[in-house]
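Scroll down for the structure; my scribbles are underneath it.
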Amino acid sequence: MRPAPYDTLLDDETWAFIDKSAAFYPEDAGNLDHHGKRDVYDALCRAFDTGRPAGVSVRDFSISGPGGPIPVREYMSRTGEPAASIIYLHGGGFILGGLESHDSICAEFCDRTSYRVTAVDYRLAPEHLHPAQFDDALAAFRLLAAEAGHPVILSGDSAGGNLAAAVSWATRGDDVRPAGQLLIYPLLGADTDKGSFITHAKAPMLTTADVLYYDSLRSGGTSPTDDPSFTPLAADDLSAMPPTIVITGECDPLSGDAPVYCERLTSAGGKAVCFEEKGLVHGYLRARHSVTRARDSFTRMISGFTALGAGEWPY
């Protein structure tokens with residue numbers, strides 16, 4: 001039986017995506033440690049991988065980071081020199097994922113924008129506690145953006161959206177800073193006792209309990225509530241932030257903080273817009289070829305990247 005209210009909010013295509021995803025998790029999935037969760041997540045991502053478009057070339061290399069070399073993967077369109085770059089930070093609750101989990105996603109971003117896309121394989125918790133993930137993301141942005149020679153957009157989904165927002169905040173007064181940020185169902189706030197953390201506490205694909213679990217592993221116990229590099233909405237000052245597009249799924253405990261974040265950015269004099277995609281769930285990037293709503297949202301992302309890279313604001 002499909003639980004209310006999701007029996008009416010989600011269409012059959014989205015339920016098919018949810019059911020296919022759920023099939024990878026054993027009945028005792030809640031008892032898996034982070035190694036077991038990684039195995040399941042990697043298998044899930046492989047099942048939804050659609051391959052790279054033929055017009056995209058790929059290069060793997062490493063850059064210098066605060067904890068050692070940071071592996072990165074660069075995607076280039078064969079159409080010519082890019083007009084802009086995207087630095088992409090993958091999701092996975094800060095404990096899952098890497099260069100392979102989001103490979104076809106990054107390749108398609110490259111193919112459809114003709115921008116260079118560089119995916120960053122930041123260190124994962126719990127082996128590396130906060131601020132390791134933020135430190136790697138910050139170091140990667142500073143090095144890659146300094147060498148780009150054109151506008152650089154920061155982007156990421158879920159945990160990666162959190163890191164992108166934190167890096168945008170940390171570099172907002174620097175000479176080298178993002179030309180924009182595009183955040184996909186990002187983790188932005190820390191108060192899980194209100195809003196969508198309550199109304200969508202038991203949503204398919206991600207629950208509020210999952211969010212608390214990931215935060216605990218990332219912090220090593222007690223998660224800070226006043227650290228903008230951990231929780232972007234903890235920042236007192238959100239002025240001078242880059243133009244920001246946030247895209248969320250309606251049926252996701254993370255969705256409610258996105259409009260709050262965008263309102264704070266605009267109140268501080270910035271440009272920000274939030275799109276809540278109706279009837280979509282956390283992780284729907286993997287459904288972009290099978291769910292019409294997800295496909296439409298992916299096209300919205302491409303339009304957003306294109307506008308930010310061109311220095312345009314059509315919203």
Side-chain angles (χ1 to χ4, degrees), residues 53 55-56 74-77 79-91 102 105-120 137 141 144-145 148-158 160-169 171-172 174 176-186 188 232 238-249 255 258-278 280 284-285 288 292-315:
V56 173
E74 178 188 83
Y75 302 80
M76 288 283 287
S77 171
T79 58
E81 282 299 307
S85 286
I86 300 166
I87 294 176
Y88 196 82
L89 301 159
H90 68 82
H102 288 62
I105 294 168
C106 290
E108 288 180 42
F109 282 147
C110 172
D111 184 60
R112 293 186 58 180
T113 62
S114 295
Y115 293 168
R116 176 191 289 119
V117 177
T118 306
V120 179
F141 170 76
L144 295 168
H150 53 225
V152 176
I153 305 157
L154 265 171
S155 185
D157 65 289
S158 194
N162 168 288
L163 294 172
V167 171
S168 290
W169 178 82
T171 59
R172 69 197 191 283
D174 294 357
V176 178
R177 50 187 148 181
Q181 58 174 348
L182 193 152
L183 313 178
I184 303 165
Y185 38 81
L188 297 170
L238 284 173
S239 62
M241 290 287 283
T244 296
I245 300 168
V246 186
I247 300 177
T248 70
S255 63
V260 176
Y261 181 69
C262 288
E263 193 279 329
R264 285 195 57 198
L265 292 179
T266 56
S267 293
K271 297 176 180 178
V273 63
C274 177
F275 297 101
E276 182 184 80
E277 308 290 23
K278 298 301 181 184
L280 285 177
Y284 71 79
L285 270 175
R288 66 196 181 281
T292 301
R293 292 170 175 176
R295 184 182 300 115
D296 292 344
S297 182
F298 194 78
T299 297
R300 192 194 305 280
M301 295 172 198
I302 299 302
S303 298
F305 282 131
T306 302
L308 291 174
E312 300 171 351
W313 188 255
Y315 304 105

Distance from [X] atom [atom1] to [Y] atom [atom2], nearest 0.5 Å?
{"X": "S85", "Y": "L154", "atom1": "OG", "atom2": "CG", "result": "11.0 Å"}
{"X": "C106", "Y": "D111", "atom1": "SG", "atom2": "CG", "result": "13.0 Å"}
{"X": "T244", "Y": "L265", "atom1": "OG1", "atom2": "CG", "result": "5.0 Å"}
{"X": "R264", "Y": "S239", "atom1": "CZ", "atom2": "OG", "result": "10.5 Å"}
{"X": "E74", "Y": "I87", "atom1": "CD", "atom2": "CD1", "result": "11.0 Å"}
{"X": "I86", "Y": "L182", "atom1": "CD1", "atom2": "CG", "result": "8.0 Å"}

(message) Against P186, only a single residue in I247, N162, V246 fulfils side-chain contact (heavy atoms from CB on, under 4.5 Å); can you say which?
(response) V246

(message) Side chains of T299 and R112: any donor to acceptor distance under 3.5 Å?
(response) yes

(request) Please check if any side-chain donor atom of T248 sits under 3.5 Å from a side-chain acceptor atom of E276, or the reverse. (result) no

Student check: side-chain heavy atoms of [X] and [Y] closer than 4.5 Å:
{"X": "P232", "Y": "W169", "answer": "no"}
{"X": "L308", "Y": "P151", "answer": "no"}
{"X": "I245", "Y": "W313", "answer": "yes"}
{"X": "I184", "Y": "Y88", "answer": "yes"}

(message) Using modelled atom types and a 3.5 Å cut-off, is there a donor and acceptor pairing between side-chain atoms of R177 and backbone atoms of R172?
(response) yes

(request) Verify, without hydrogens or angle tests, whether S297 (side chain) and R293 (backbone) share a donor-acceptor contact under 3.5 angstrom. (result) no

Taking all non-hydrogen atoms of both residues into account, name the closest pair between [X] and [Y] and its distance.
{"X": "A119", "Y": "Y75", "value": "CB-CE1, 4.3 Å"}
{"X": "P178", "Y": "T171", "value": "CD-OG1, 3.4 Å"}
{"X": "A165", "Y": "M241", "value": "O-CE, 4.1 Å"}
{"X": "A164", "Y": "L183", "value": "CB-CD2, 3.7 Å"}
{"X": "P243", "Y": "A179", "value": "CD-O, 3.5 Å"}
{"X": "H102", "Y": "G91", "value": "NE2-N, 3.5 Å"}

(request) Let me see the working for R288 and E108 under side chain to side chain contact (heavy atoms under 4.5 Å, CB included), right down to the final yes or no. (result) CA-CA 11 Å; R288 66 196 181 281; E108 288 180 42; 2.8 Å; yes

(request) Verify side chain to side chain contact (heavy atoms under 4.5 Å, CB included) between Y185 and L280, making sure each step is shown before the conclusion. (result) CA-CA 10 Å; Y185 38 81; L280 285 177; over 6 Å; no

(message) Angle between ring planes, F305 versus F109, binned at 30° and 60°: parallel, tilted or perpendicular?
(response) perpendicular

(request) Give me the ring orientation class for F275 and Y315: parallel if the planes are under 30° apart, tilted from 30 to 60°, perpendicular past 60°. (result) perpendicular

